[in-house]
Amino acid sequence: MRPPLPAYHGRWRFITIAVLVPLLLAWFAFWLNTEFRAADRMAVQINISSDRASDAGTLIAHVSDAEASQRGFVLTGNASFLAPYAPARRKAEAALARLNGRFADSPEQQARYRTLSDATRRKFTEMDQVMAQRRAIGLESSIERIEKGEGRRLMETIRTQADAMLGAEASTRKARVSAFGRHARFLHTVIWTAVILISALLAIGLLLIWRQRQSQRHAQAAAYDAAQRNRAILDSTIDALIILNPSGTIESINPAAERMLGYRAAELERRDLEVVLLLPSARGTFHQRIGLVDGVLADPFLPDQEMLHHDGSKVAVDIALGVMRVPGGDHIIVSLRDISARRRAEALKDEFISTVSHELRTPLTSVVGALGLLRGGQAGMLPPPATRLIEIAENNSRRLIRLINDMLDIDRLQSGRLRIEKAGIDLRGVAQLACEGSEGLASSAAVHIVCNLPEYPVMVMGDKDRLLQVVTNLVSNAIRATPSHGTIAISCALEQGDSKAIITVDDDGPGVPPDFRDRIFGRFERANVQDGIGTGLGLAISQEIVQRHDGRIWFEDRTPVGTRFAFSLDILRLEPAPIDGAVPILICEDDPDMANVLREMVTTIGYAAHCVGTAAQAREALATGHYAVLLLDLNLPDENGLNLAYSLHNKAGSPAVPIIIVSVLSREGIPQPIPFDIVDWINKPIDPQQLSRAIALALWPSTPPCPTVLHLDDDRDVLEVTAAALSGSAIVLKATDLKTARELVQRKTPDVVILDLHLEQGSGLDLLPMLIDQRGRAIPTILYSAHDIGPEAAAMVDAVLIKSRGSMPDIQATIRRVLHRHDKESI
Amino acid sequence: MSRIEILYVDDDDDIRTIVELSLGMDPDIRLEAFASALPALERLKNWSPDAVLLDVMMPDMDGPTLLALFRQQSADTDTPVIFMTAKGRDADISYYRALGAVGVILKPFDPLHLAREIRTILNRAR
């Protein structure tokens with residue numbers, strides 16, 4: 001999972017405020033609009049009330065004016081008094097008309113209005129009649145009517161109603177004005193509260209924005225600071241650094257990388273890494289090619305790699321890869337350490353050690369040799385004191401030799417260069433060699449060595465020389481620990497249900513001192529420093545060798561006296577392991593154990609094995625024509641092996657399969673001459689090397705007797721060594737560049753081609769298109785490179801060998817294999 | 001025990017003497033020793049020994065070069081060659097074997113068992 005972005009905690013506050021403030025403002029505006037409308041309505045109602053009061057007052061005034069006009073006319077009979085009457089009446093009626101329908105909100109006022117309206121009409125009617133009587137009859141009649149009081153009562157009614165109406169309107173107006181005032185104060189309060197609230201929210205928002213900007217500024221400053229620090233580190237570090245984006249493109253390089261690779265940064269940026277480094281795998285995405293899964297690198301350290309310099313040369317480096325997990329994808333940091341100086345120093349040290357050991361060993365050879373010959377009586381019998389002195393000198397010379405050998409081994413151990421080259425071996429052979437090799441030392445110490453070896457093979461995967469070194473060391477220690485005339489027993493056996501092979505070395509010595517037991521396998525540890533014998537490195541080296549074989553080494557007390565040193569290794573698993581393209585070999589052996597041993601030996605040296613137990617099964621298997629060699633036991637349950645071999649060779653219509661006899665019987669023990677060719681006769685117990693040579697010999701006839709091998713490599717030393725290795729078994733054409741190789745191919749078609757992948761100019765694979773023989777078939781090709789080969793390149797050739805892992809015998813065997821396969825395919 | 005004829009080249013007089021004495025203890029070994037490569041090559045033109053025993057580091061011509069010249073001048077490429085050397089690193093031994101040596105005897109050797117060691121190597125090479 002990619003890492004999340006850094007958390008930002010103020011987000012929800014911002015969102016809340018950003019949503020809340022507009023909502024609040026919108027609601028407030030709506031509410032305010034509603035409240036203002038209500039206030040408007042209240043103001044209108046107040047105005048209406050005022051108008052009604054005004055109209056009522058106007059009505060009274062106009063009625064009074066009309067009454068005064070009527071009264072003047074009645075009293076004087078002067079018509080001029082009637083001038084205001086008609087306008088007053090119109091205005092009074094107009095006031096009544098305005099008041100009409102304006103009291104819908106108040107039934108009391110409406111009732112007053114109706115009374116007032118009725119009284120006003122009747123008043124004007126009364127006044128009209130009074131004035132009509134005045135005109136028609138005269139003053140007395142009018143006064144008489146007036147004295148009846150109708151006009152006065154109507155006038156009082158009008159006044160009473162109008163006053164009541166005015167009072168009611170005044171009360172209403174007062175109440176409404178009061179309500180309006182309260183409402184206005186409420187609005188005032190609300191508006192100020194809202195202003196304060198919104199101002200507060202805005203202030204908070206602005207504060208948050210300010211704080212965020214402050215944080216951003218601090219983050220930018222911190223980022224700038226970190227970038228400056230990182231840049232300073234990158235610029236000043238002595239190791240070259242390359243930063244790659246997820247697609248493998250170079251994003252940046254530091255000055256050390258510029259110096260190492262000879263490029264300026266701008267020349268490499270945005271270019272593919274393969275400009276300067278060939279990745280081990282050429283398939284998949286960049287991350288797949290470097291083994292990056294879920295941010296974890298399968299192999300973050302790539303030692304002993306080569307970078308390509310701008311000038312075409314190669315720079316030896318150790319590479320450390322790091323993963324930078326950023327939101328843009330997993331970036332890779334490639335850290336390069338120039339190991340050229342280290343390599344030169346190692347080479348110098350190796351050469352120094354080699355030279356020093358050589359220079360020490362050469363005179364020691366003479367010293368030890370001379371002393372040994374004296375001890376052996378070559379110069380005649382010596383008197384006992386002289387013999388003793390010779391022994392002392394020889395023992396100390398040998399001690400010096402051991403010291404040199406152990407120092408060399410400990411150097412290899414410390415540098416991790418102790419090479420263990422495993423192969424399927426019979427531990428009995430190791431024990432036997434140790435017995436034989438220790439006899440000289442044992443005899444000089446007057447110690448008897450017994451070698452207990454089983455009849456059955458004890459097969460393990462191991463380095464024969466190194467395991468022999470272990471056994472020899474244990475025996476050497478045992479000889480030193482064993483008193484004169486004591487016995488040392490070297491034994492080899494299978495243990496733990498035949499799952500472990502074990503070698504034991506038993507002595508009659510005094511045993512390991514208790515205070516030494518815990519550190520017996522330590523470096524430079526000696527049980528008895530005073531005796532001056534040994535370097536204290538032998539058991540440490542032995543333990544390292546055994547552990548490198550995934551084995552265990554230990555010691556235990558023996559009864560009644562003595563110590564047993566032992567080591568155990570996993571027994572070689574005998575399951576057949578078919579090798580793709582390997583030459584098939586048929587094993588006809590009725591003893592299952594021996595068949596398994598043979599199968600293991602055959603598969604170990606690179607062939608495919610199939611076992612049958614009877615002659616009939618062998619005939620059936622060989623009838624398929626699948627097998628290239630027959631390993632034949634003679635004592636078969638259904639038929640004598642020689643009869644089977646004879647019948648196979650005399651079978652018409654089919655080429656005879658090469659036969660190797662593997663038997664407990666010796667060839668000399670067969671009474672009559674064998675009337676057919678066999679490749680070899682191997683006696684049991686089987687010597688794996690003899691078996692290997694015999695199979696190789698059996699396969700050679702099917703390939704060119706002396707194949708022509710074209711070897712293309714820009715390293716002349718490699719060419720010379722390979723040619724020397726193939727000397728006598730192949731004609732080797734050597735080319736150091738593609739042009740020479742092409743000319744050689746045109747001049748003579750090779751049977752096999754060995755190519756180096758990386759040449760100074762181009763790749764050995766560039767030669768492939770013209771590697772066609774006269775029959776139009778591809779010439780068998782072996783890729784022989786110091787680099788790991790990618791699957792695509794491997795698919796283009798018949799075999800791949802790695803220089804650092806392979807050896808010359810590998811090349812011979814590989815040539816045999818590819819030629820055999822080629823021949824078989826062409827049939 | 002079969003008789004073995006060995007050509008031996010070593011520039012170190014002391015070691016050569018010791019090898020001569022050591023192998024002289026075996027009556028079935030006939031040794032011809034040379035102090036440098038060129039006389040040995042001359043001898044090999046008209047003699048085909050059962051084995052060639054070569055020191056590696058010699059001043060005028062080293063053992064590997066002698067071996068290469070011997071293979072070139074001789075039609076017989078089967079004569080087993082054994083190197084004797086004080087340079088016994090893994091890489092050195094691998095190199096000698098790659099050159100075609102059937103065995104490598106490390107100096108210092110045990111003079112009392114040198115003959116047996118040579119016989120063992122030759123038997124395995126056969």
Side-chain angles (χ1 to χ4, degrees), chain A residues 350 353-355 357-379 397-398 400-401 404-405 408 411-412 417-421 433 436-437 439-441 443-444 463 465-466 687 689-690 693 720-729 807-809 811, chain B residues 10-25 55-57 64-65 67-68 70-72 74-79 81 84-102 104-114 116-117 120 123-126:
Chain A
D350 288 351
I353 289 173
S354 174
T355 304
S357 68
H358 176 265
E359 295 306 321
L360 287 171
R361 277 176 166 155
T362 300
L364 275 171
T365 303
S366 299
V367 173
V368 173
L371 294 171
L373 289 172
L374 279 174
R375 179 171 50 81
Q378 185 65 19
S397 299
R398 292 190 181 282
L400 196 51
I401 294 164
I404 294 167
N405 292 341
L408 285 172
D411 172 65
R412 294 191 192 107
R417 288 181 292 115
L418 186 74
R419 273 173 40 184
I420 303 289
E421 295 183 351
L433 285 172
E436 293 170 2
E439 277 177 2
L441 188 62
S443 65
S444 62
D463 184 323
D465 292 337
R466 292 294 172 202
D687 179 353
Q689 290 189 355
Q690 187 186 359
R693 278 194 300 274
E720 291 303 325
V721 172
T722 307
L726 298 175
S727 172
S729 59
S807 58
M808 296 306 113
I811 288 188
Chain B
D10 198 318
D11 65 306
D12 190 308
D13 294 340
D14 292 341
I15 296 177
R16 204 169 60 250
T17 302
I18 287 166
V19 169
E20 284 175 331
L21 288 170
S22 172
L23 296 184
M25 292 161 63
D55 184 23
V56 172
M57 293 182 70
T65 308
L67 170 60
F70 167 51
R71 296 295 191 208
Q72 274 184 9
S74 171
D76 173 19
T77 57
D78 292 336
T79 303
V81 173
M84 296 183 75
T85 180
K87 297 183 80 167
R89 293 181 306 174
D90 295 332
D92 295 328
I93 293 172
S94 298
Y95 173 62
Y96 304 143
R97 290 190 186 280
L99 293 178
V102 296
V104 178
I105 295 174
L106 288 180
K107 294 176 181 177
F109 51 85
D110 183 347
L112 300 183
H113 296 100
L114 180 62
R116 191 174 66 190
E117 192 170 357
T120 304
N123 284 337
R124 284 192 190 144
R126 282 193 186 124

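Every chain is numbered from 1 and lettered A, B, ... according to where its sequence line falls, protein lines coming before strand lines.
- At a 4.5 Å heavy-atom cutoff, the contact between B/Arg116 and chain A is made by side-chain atoms alone.
- Chosen from A/Ala370, A/Ser366, A/Ser397, A/Pro363, the residue pairing most often with chain B at heavy-atom distances under 4.5 Å is A/Ser366.
- The parts of B/Ile15 that come within reach of chain A are both its backbone and its side chain, each placing non-hydrogen atoms under 4.5 angstrom from that chain.
- Here B/Leu21 pairs with A/Leu373, A/Gln378, B/Thr17 under the side chain to side chain contact (heavy atoms under 4.5 Å, CB included) rule; sequence neighbours left out.
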Practice prompt. Give the C-alpha distance, both sets of side-chain angles, the deciding distance and a yes or no for side chain to side chain contact (heavy atoms under 4.5 Å, CB included) between B/Glu117 and B/Thr120.
Written response: CA-CA 5 Å; B/Glu117 192 170 357; B/Thr120 304; 5.6 Å; no

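- Using a 4.5 Å cut-off between heavy atoms, B/Asp110 touches chain A through backbone and side chain atoms alike.
- The side chain to side chain contact (heavy atoms under 4.5 Å, CB included) check on A/Leu433 picks up A/Glu436, A/Lys464, A/Leu468, B/Arg124, with sequence neighbours excluded.
- Here the CG-CD1 distance, from B/Leu114 to B/Ile105, works out to 5.0 Å after rounding to the nearest 0.5 Å.
- The CD atom of B/Glu20 sits 9.5 Å away from the CG atom of B/Asp13 when rounded to the nearest 0.5 Å.
- Looking at A/Leu364, the atoms closer than 4.5 Å to chain B (heavy atoms on both sides) sit in the backbone and in the side chain alike.
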